[in-house]
Amino acid sequence: MTPSYANIQVRIESEKVGIVTLDRPKALNALNDELMTELGAALKAFDADDAIGCIVLTGSEKAFAAGADIGAMATYTFADVYKGDYITRNWETIRSIRKPVIAAVSGYALGGGCELAMMCDFIIAADNARFGQPEIKLGVIPGAGGTQRLPRAVGKAKAMDMALTARMMKADEAERAGLVSRVVPFDKMMEEAIEAALVIANFSRVAVMAAKESVNRAFESGLADGVMFERRLFHALFATSDQKEGMDAFVNKRPAAFKHE
Ligand code: CAA
């Protein structure tokens with residue numbers, strides 16, 4: 001039994017893939033405090049569930065998420081956000097999730113919505129997806145990592161263009177720029193994301209978690225340190241039964257049956 005929430009829906013696909021759907025349709029999935037707390041709880045529950053090998057985070061056809069909830073933020077004071085640790089308090093839970101999280105993005109992914117998608121491990125976009133960091137129009141700047149993760153994904157020129165002019169990037173441009181890994185027609189988006197998630201869920205969980213951790217290290221360290229981190233994790237995987245199974249299966253031309261240990 002998956003728990004029920006007020007602002008998101010959760011379900012399990014093929015017993016291995018956790019799916020979280022942002023569900024505040026009247027506000028285009030604007031991300032308020034309650035929604036972000038629920039999202040963190042749902043992601044943590046899937047992360048702790050041994051049966052789940054990968055998570056897909058999605059929204060509606062019109063909006064993945066149109067950003068942080070502007071109505072809720074409008075009256076915040078500096079003391080409110082600083083003392084309350086706004087954003088850090090519950091938005092960054094997603095960064096602590098050790099299983100892969102795929103963002104399946106259709107429609108608007110603006111402001112905090114774009115930032116949330118970028119906090120996932122990769123983005124599969126529908127052809128109607130629109131990415132943007134329009135906070136400058138509200139008299140603020142991106143606050144959930146947009147000025148840091150966007151340049152790492154698309155480079156300085158496009159990141160500056162988007163953060164300073166507030167223009168939206170369509171799915172094809174986002175793919176060319178490296179923000180998204182694949183673009184598919186909207187009616188194929190969930191199928192594509194679930195298929196990718198199932199591929200991942202059938203690999204060794206230990207190797208999958210190590211791969212995620214190691215790629216993320218590339219954004220936190222210099223090259224030599226990052227390569228050393230990767231090398232040691234690579235060495236460590238020879239201690240798993242899944243390494244023996246994966247290589248024996250290849251040598252003997254049979255499918256591997258990983259035990260995730
Ligand atoms: N917060 C709160 N409500 C929002 C919202 C948001 N970010 N985005 C949309 N909504 C609400 C609208 O107020 C509207 O509600 P009502 O029907 O009650 O009036 C409803 O969702 C539908 O929106 P629109 O009528 O505006 O729909 P549209 O199709 O005409 O336009 C849109 C769509 C271009 C996405 C437009 O809604 C929009 O520009 N939204 C704001 C986008 C934005 O500025 N995002 C950044 C937020 S700041 C942030 O995210 C900070 C951070 O880094 C953490």
Side-chain angles (χ1 to χ4, degrees), residues 20 22 24-25 27-33 35-36 39 56-74 76 78 81 86-88 90-95 100-186 189 192-193 215-216 218-220:
V20 182
L22 305 175
R24 281 191 80 204
L28 300 183
N29 292 333
L31 306 167
N32 65 11
D33 208 46
L35 185 154
M36 293 313 291
L39 175 60
V56 175
L57 174 61
T58 193
S60 69
E61 177 171 3
K62 184 165 180 192
F64 176 74
D69 190 316
I70 302 169
M73 274 189 302
Y76 287 170
F78 169 74
V81 291
Y86 179 50
I87 304 290
T88 318
N90 48 8
W91 286 54
E92 289 183 348
T93 309
I94 190 166
R95 296 305 303 156
V101 184
I102 302 172
V105 174
S106 169
Y108 297 113
L110 302 179
C114 185
E115 293 167 305
L116 178 61
M118 289 191 290
M119 282 193 268
C120 296
D121 296 305
F122 63 95
I123 302 172
I124 294 178
D127 48 10
N128 68 339
R130 299 279 180 281
F131 298 88
Q133 297 291 162
E135 290 88 343
I136 202 82
K137 291 192 336 200
L138 302 169
V140 290
I141 65 170
T147 66
Q148 305 304 302
R149 292 195 179 92
L150 193 59
R152 280 167 170 80
V154 304
K156 178 183 166 184
K158 280 189 191 289
M160 280 289 191
D161 184 358
M162 288 169 74
L164 295 176
T165 70
R167 86 167 169 91
M168 292 185 212
M169 195 186 262
K170 291 183 179 170
D172 55 347
E173 183 184 2
E175 188 185 27
R176 282 199 306 278
L179 180 59
V180 313
S181 70
R182 320 176 187 184
V183 179
V184 291
F186 168 71
M189 180 187 74
E192 185 90 3
V215 173
N216 278 331
F219 298 96
E220 310 288 349

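Excluded from the calculations below are hydrogen atoms, water molecules and symmetry mates; all remaining heavy atoms, backbone and side chain alike, are included. As the structure is a prediction and not an experimental result, all values here were calculated from the model.
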Per the side-chain contact (heavy atoms from CB on, under 4.5 Å) rule, which among Met168, Arg130, Lys158 passes with Glu173? Lys158
Whether Glu115 side chain and Gly145 backbone form a donor-acceptor pair below 3.5 Å: yes
Between the CD atom in Glu92 and the CE atom in Met36, the distance rounded to the nearest 0.5 Å is 9.5 Å
Residues two or more places apart in sequence or in another chain: which of them pass ring-ring contact (aromatic ring centres under 6.0 Å, His included) with Phe219? none
So CG of Leu57 and CD1 of Ile102: to nearest 0.5 Å the spacing works out to 10.5 Å
The reported gap from CE in Met189 to CG in Asp127 (rounded to nearest 0.5 angstrom) is 10.0 Å
Nearest heavy-atom approach of Glu135 to Ile141 is CB-C, 3.5 Å
Minimum heavy-atom separation for Met169 and Ala174, please, with both atom names. SD-CA, 3.6 Å
Give me the one residue out of Asn90, Leu116, Leu31 that meets side-chain contact (heavy atoms from CB on, under 4.5 Å) with Leu39. Leu116
Could you check if a side-chain atom of Arg95 sits within less than 4.5 angstrom of a side-chain atom of Asn216, using non-hydrogen atoms only? yes
Between Phe131 and Met162 the two heavy atoms that sit nearest each other are O-CE, 3.6 Å
Residue pair Ala126 / Ala171: nearest heavy atoms and the distance that separates them: O-CB, 3.4 Å
Let me see the working for Asn32 and Arg24 under side-chain contact (heavy atoms from CB on, under 4.5 Å), right down to the final yes or no. CA-CA 10 Å; Asn32 65 11; Arg24 281 191 80 204; 3.5 Å; yes
Any non-hydrogen side-chain atom of Asp69 less than 4.5 Å from a side-chain atom of Leu35? no
For the residue pair Leu179 and Ala153, what are the closest heavy atoms and their distance? CD1-CB, 4.0 Å
Straight-line distance of Met73 CE to Asp33 CG, nearest 0.5 Å: 11.5 Å
Donor-acceptor contact below 3.5 Å, side chain Asn128 vs main chain Phe186: no
Has the side chain of Arg182 got a donor or acceptor atom that lies under 3.5 Å from a matching backbone atom of Ile124? no
Enter the distance from Phe64:CZ to Leu28:CG here, rounded to the nearest 0.5 Å. 13.5 Å
Results of ring-ring contact (aromatic ring centres under 6.0 Å, His included) for Phe122 - residues two or more places apart only: none
Does Ser181 reach the main-chain N or O of Ile123 with its side chain, forming a donor-acceptor pair under 3.5 Å? yes
As an exercise, state the distance from OG1 of Thr147 to CZ of Arg152, rounded to the nearest 0.5 Å. 9.0 Å
Apply side-chain contact (heavy atoms from CB on, under 4.5 Å) to the pair Ile70 and Leu138, showing each step before the final yes or no. CA-CA 9 Å; Ile70 302 169; Leu138 302 169; 3.8 Å; yes
Any idea which heavy atoms bring Ala65 and Asn29 closest together, and the distance? CB-O, 3.4 Å
Less than 4.5 Å apart, any side-chain heavy atom of Cys120 and any of Ile94? yes
